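Heads up: the structure comes next, in structure tokens.
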Number of protein chains: 2
Amino acid sequence: MQRYSRQRESIVDYLRSTKEHPTAETVYQHVRVQLPKVSLGTVYRNLSQLAAAGEILRFSSIDGVDHFDADTATHYHFICNHCGRIQDVPMSPLSDIDRLAGIGVRGEIDGHAVTFYGHCDLCLDSAEQ
Amino acid sequence: MQRYSRQRESIVDYLRSTKEHPTAETVYQHVRVQLPKVSLGTVYRNLSQLAAAGEILRFSSIDGVDHFDADTATHYHFICNHCGRIQDVPMSPLSDIDRLAGIGVRGEIDGHAVTFYGHCDLCLDSAEQ
DNA sequence: AATCGTAACAGGAATCATTACTGATTAGGA
DNA sequence: TCCTAATCAGTAATGATTCCTGTTACGATT
């Protein structure tokens, strides 16, 4: 049974308030403002728990560190190969591809993730100068 | 300038011979059969180098460990949520989605990756029993 | 309200993948 | 053949994440 905890609530609150796809470390820094005694282990434990329960998403990026997202609806990401920034892609999910992929593989497909790679506007701008 | 090395050749050879999307550790175990004195650091260094040069692909899975693939053509993966096995999905790449995503984001999109999640045939079979 | 069982906590140690360093080796062009 | 930078083996260091220990406090039961 999952009980209420101030720490977990603060973690979820922060995740819902941002679109930055933060890492555990970043979550920790923000939660610490409200709860100065929180420990990094607690952040990790709760993030794992929330991800396992499907309340948040965990995914990895090019920096080798896990990132988290409170938006659990299917949506896609754009990762800058240069600075590593992660942005949401405002595009409707590809509705048919799970079925399409299912034709070729044995097993059961539950969902998919799409990640676009390239260079974000900020990095393109700074390269021009 | 990139010089020839027996170690790097052996790494590439092994990657081209398998469809298993191995980790650095697995590559190490196989290269060690041919070159018993090879060190794990050498494997890591060469894998990073090859990935940077675009000769192989590096990607991460649900196990938190990097996997490598000698097939650099755009293709999609199916990852079993239960056992972590990674399979190729025999499906033609979605040709138009880079442009489609580009409408909504500022920046330049160079490519994309699609990963399907679910349960592979082996795990479904063993669950039945 | 007192007691009890246990989920959750803080703090810190341990683990594990990966990278960096060091001194020795070697590919490959002059 | 000689030179030198790329590469190596071995090992230490790093950094993200997990695990462990003793403690706290929620929530159910009496």
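Just so it is clear, the model here is predicted, and its values are computed rather than measured. Per chain, numbering begins at 1; letters A, B, ... match sequence-line order.
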Sidechain N-carboxylate O distance under 4.0 Å for Arg16(A), Asp69(A): no
Minimum-distance nucleotide (side-chain atoms of Lys37(A) versus dG11(C), dA9(D), dC8(D)): dG11(C)
Closest listed nucleotide, where the reference is the side chain of Val65(A) and the choices are dC9(C), dA16(D), dG28(C): dA16(D)
Sugar-phosphate only, base, or nothing, as touched by Thr23(B) at under 4.0 Å among non-hydrogen atoms: nothing
Nearest-neighbour nucleotide for the Leu40(A) side chain, dT17(D), dT18(C), dC8(D) considered: dT17(D)
Nucleotide nearest Tyr4(A) when distance is taken to its side chain, options dG27(D), dT7(D), dT17(D): dG27(D)
Interatomic distance where CZ belongs to Arg8(B) and P belongs to dC8(D) [whole Å]: 6 Å
From dT17(D), dA8(C), dT7(D), nucleotide with atom closest to Arg3(B) side chain: dT7(D)
Sugar-phosphate, base or nothing in reach of Glu25(B), heavy atoms under 4.0 Å: nothing
Closest to the Ala24(B) side chain, choosing from dA10(C), dT7(D), dT18(C): dT18(C)
Contact under 4.0 Å: Tyr44(A) side-chain N or O vs dT17(D) OP1/OP2: yes
Of Met1(B) and Arg58(B), the one whose closest DNA chain C nucleotide lies more 5': Arg58(B)
Upstream residue (5' side of DNA chain C) when Arg6(A) and Gly64(B) are each assigned their closest nucleotide: Arg6(A)
Asp63(A) CG to Ile79(A) CD1 distance, which is reported to the nearest 0.5 Å: 8.0 Å
Cationic N near anionic O, under 4.0 Å, Asp121(B) to Arg85(B): yes
Sugar-phosphate, base or nothing in reach of Arg45(B), heavy atoms under 4.0 Å: base
Ser5(B) vs dC8(D): side-chain N/O to OP1/OP2 distance below 4.0 Å: yes
Selected nucleotide, minimal atom distance to Ser39(B) side chain, candidates dA7(C), dA17(C), dG10(D): dG10(D)
Aromatic plane relationship, Tyr14(B) with His30(B) - under 30° parallel, 30 to 60° tilted, over 60° perpendicular: parallel
Reported CD-to-CD1 distance for the pair Gln49(A) and Ile11(A), which is rounded to 0.5 angstrom: 9.0 Å
Atom-pair distance (CG on Asp66(A); C1' on dC16(C)), nearest Å: 14 Å
